[in-house]
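The structure appears right after this line, and notes come after that.
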Amino acid sequence: MPNPTSVKDALAATAPNDSILVHGWVRTRRDTKTFSFLELNDGSCLHNLQVIVSSTLPNYAEIQHLSTGAAATVRGRLIPSQGQGQKWEVAADAVEIIGAADATYPLQKKGHTLEFLREIAHLRPRSNLFGCIFRVRSRLAFAIHQFFQERGFVYVHTPIVTGSDCEGAGELFRVTTLDMKNPPKREDGEIDYAKDFFARPTFLTVSGQLEAEAFACALSKVYTFGPTFRAENSNTSRHASEFWMIEPEVAFCDLQDDMQLAEDFVKYLIRDIRTHCADDLTLFTRFVDKGLLERLDFVAERPFQRVSYTEAVELLTKSGHKFEYPVEYGTNLQSEHERYLTEVHFKCPVTVYNYPKEIKPFYMRLNDDGRTVTAMDVLVPGIGEIVGGSQREERLDVLLENMNRHQLDPKDYGWYIDLRRYGSVPHAGFGLGFERMLMFVTGVGNIRDVVPFARTPGNAAF
RNA sequence: UGCCCAGUAGCUCAGCGGUAGAGCAGGUGACUGUUAAUCACUUGGUCGCUGGUUCGAUCCCAGCCUGGGCAGCCA
C-alpha cells in the first residue's frame with residue numbers, strides 16, 4: 001500500500017505514478033455514461049485533483065451518490081489528463097467512501113456570502129476562499145518567526161493571565177474562579193480577590209509589551225507573538241476581542257531604528273507571502289480585491305512616508321479637504337484623517353511619529369521639546385493603523401513624572417520601574433496586529449474572516 | 001456604545017395591503033472527456049419574533065432579536 005500523496009504533491013508531479021493513494025473531500029462530481037469525474041480537495045492547496053471513476057468499479061452505484069462534502073480515499077494511477085484545465089489526473093482503481101455527506105451539507109459549489117459562511121465557521125475552511133486564507137495565515141505566522149529568528153531575536157512567551165490591570169490598552173477580561181453567585185466579600189463590601197485563585201485580581205493580557213521590555217533589557221532583542229484580549233465593545237470590521245499580536249522589543253534602540261524595523265518587517269512579510277502563497281493570492285486577486293498584487297508590490301518596493309504628527313496635522317489642515325471631524329493639534333487622528341494621508345495624499349504606507357504626550361500612554365519617551373513623545377504608528381491603505389510603537393521612557397525620574405501625569409500609582413508598577421533602576425537603556429518596540437496584517441496581505445475586508453473562530457462582542461459560538 | 005441598512009425556500013435574491021416567485025442546491029431522466037458542465041421535469045416556504053392599525057398584514061407602524069456597514073476605543 002503506497003503512502004498517501006497530497007493533492008498538492010500529486011498536481012506537482014513530474015512523472016506518472018502507477019500506484020497512488022489520495023485522501024480528500026469531494027468538491028463536485030460529474031457523471032458520463034461510462035465514468036464519473038470526481039474532484040477531490042484535501043486543503044493542501046487551492047486546486048482539486050480530478051479523479052476518473054470507471055463505471056466498472058464494484059461500488060460505482062454508491063459512488064454516483066457521492067456528493068459535495070463527502071470524504072473519500074482513492075487508489076489508482078496518476079496519469080496525464082486528457083482534458084483541458086489540469087495537467088494530471090488520477091484513474092481510480094478503487095474509491096472508498098470514508099464519510100458520506102447528505103443533501104443538508106450547507107456548502108454549495110456556487111459562491112456563498114461571507115456572512116453566511118461565518119455562521120458555519122466549522123465548515124468554511126472547506127471552501128476555496130477560506131482554505132486560501134488559512135494557508136496564508138499559517139505561512140504568515142511562519143514568516144514572522146523567520147524574520148525575527150534570522151535577525152537574532154529571542155522569542156519570549158509573555159503571560160496570558162496577567163496580574164496587572166494597568167497596561168493602558170483598553171478594557172480587560174477578568175479571570176476568576178470565584179463563585180459568581182456568592183463571592184467572598186471584604187469588610188467594605190467589595191469582592192475579596194485575595195481569596196481568588198491567584199490571591200489577587202487577574203485578567204487576560206491586552207499586551208505583552210511591559211514583560212517584553214523586561215526581557216529586552218536582558219536578551220537585547222526579543223519578540224512576543226501570542227494572543228491578546230480586549231473587552232472593548234468594538235463593532236467594526238477590524239476589531240476582535242481575541243487577536244494575535246507581534247511585539248518586538250529592542251534594547252539600545254531609538255525611535256528611528258524602531259520605525260525602520262517596522263518598515264523592514266512589513267515589507268519582509270509581504271515579499272514572503274508574495275513568493276510562497278502565489279496560488280492563494282491569485283484567488284484573492286480574482287474574487288476579493290482586483291488591485292491586491294499591485295498594492296502589495298507597491299508597498300514592498302517603496303519607502304514608507306514618514307511624517308511627524310505636527311506635519312501631518314498641518315498637511316491635513318492645508319489639504320482643503322472637508323473632514324467630518326476637524327483636524328486640530330492635540331487630538332487623535334480620526335480614521336478619515338488617517339485614510340486621507342495613506343490613501344489620498346501619499347498613496348502608500350505612512351509612518352506618523354512624535355505625538356502630543358497627552359494622547360499617548362505613560363511609558364513613551366518624552367522628547368526634548370517637552371510636549372511630544374516618541375510614538376509612531378504605521379498606517380496602511382485600506383486598513384488604517386497596523387503598527388503602533390514607541391521608544392520607551394528609560395529615565396527613572398521622567399517615567400515617574402509621566403506616571404504622575406497619567407495619575408498612575410508607581411506602587412502598581414514596582415517591577416517595571418525596577419528596569420529603570422538597574423542598568424536602564426534606551427529601548428523601543430512596537431505591536432503589529434497579526435490579523436490586520438493578514439487582512440492587508442489577502443485583501444479580505446473583515447477581521448472575522450481571517451480568524452478561524454472569531455470572538456467579537458456578543459459572539460463566541462464554536 | 002451611537003448612527004444607518006437588512007432579515008422571504010438549504011443558498012443568493014425578486015415581489016406585493018387580498019397568505020408567494022426566480023436562479024442555484026436537492027430529486028428523477030436525458031446528454032456529454034467534463035471541469036461553477038448542459039437540457040427537461042420536479043420536491044421544497046408559519047415571508048425573523050411579539051404586539052398594533054386594517055374587513056384582511058409577508059407588505060404599514062412600534063418594540064425586540066439576529067446580521068451587516070460606518071464612527072469611537074485600538075492592533
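Order of the sequence lines sets the chain letters (A, B, ...), proteins ahead of strands, with each chain counted from 1.
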Is the ring of A:Phe243 stacked on the base of B:A75, with centres less than 5.5 Å apart and planes under 30° off?
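Check passed, A:Phe243 stacks on base of B:A75.
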
Distance check needed: [N] [atom2] versus [X] [atom1], whole Å only.
| X | N | atom1 | atom2 | value |
| --- | --- | --- | --- | --- |
| A:His112 | B:A36 | NE2 | C1' | 11 Å |
| A:Gln50 | B:G33 | CD | P | 13 Å |
| A:Leu140 | B:A75 | CG | C1' | 14 Å |
| A:Ile447 | B:G68 | CD1 | P | 13 Å |
| A:Asp31 | B:G26 | CG | P | 11 Å |

Looking at [N], which nucleotide sits across from it as a Watson-Crick or G-U wobble partner, both distances under 3.5 angstrom, or is there none?
| N | value |
| --- | --- |
| B:C3 | B:G69 |
| B:A9 | none |
| B:U53 | none |
| B:U58 | none |
| B:A36 | none |
| B:U46 | none |

Checking all strands, does [X] fall into the base, sugar-phosphate, or nothing category for heavy-atom contacts under 4.0 angstrom?
| X | result |
| --- | --- |
| A:Glu338 | nothing |
| A:Asn235 | base |
| A:Ser237 | sugar-phosphate |
| A:Phe116 | sugar-phosphate |
| A:Gln334 | sugar-phosphate |
| A:Gly83 | base |
| A:Gly384 | nothing |
| A:Ile246 | nothing |
| A:Thr32 | base |
| A:Arg27 | nothing |
| A:Tyr325 | sugar-phosphate |

So, do A:His145 and A:Tyr223 have ring centers that fall under 6.0 Å from each other?
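Yes.
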
Decide if the gap between the ring center of A:Phe229 and the ring center of A:Phe243 is smaller than 6.0 angstrom.
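No - the distance between ring centres of A:Phe229 and A:Phe243 does not fall below the 6.0 Å cut-off.
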
Between A:Asp272 and A:Lys267, is there a salt bridge with N-O shorter than 4.0 Å?
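Answer for the salt bridge query: no.
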
Which heavy atom of A:Ile79 sits nearest a heavy atom of A:Ala91, and at what distance?
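Shortest heavy-atom contact: CD1-CB, 3.9 Å.
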
Minimum-distance nucleotide (side-chain atoms of A:Gln108 versus B:C11, B:C73, B:G33)
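Nearest to the side-chain atoms of A:Gln108, counting from C-beta on, is B:C11.
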
Under 4.0 Å from OP1 or OP2 of [N]: is there any side-chain N or O of [X] that close?
| X | N | value |
| --- | --- | --- |
| A:Thr236 | B:G72 | no |
| A:Arg339 | B:A71 | yes |
| A:Thr113 | B:U12 | yes |

Does the side chain of A:Val313 reach to within under 4.5 Å of the side chain of A:Glu328, using non-hydrogen atoms?
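A:Val313 vs A:Glu328: side chains apart.
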
Rounded to the nearest 0.5 Å, what separates atom CG in A:Asp377 from atom CG in A:Leu333?
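Here the rounded value is 8.0 Å.
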
Rounded to the nearest 0.5 Å, what's the gap from OG on A:Ser19 to CZ on A:Arg75? Could you check?
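Interatomic distance, A:Ser19 OG to A:Arg75 CZ, rounded to 0.5 Å: 9.5 Å.
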
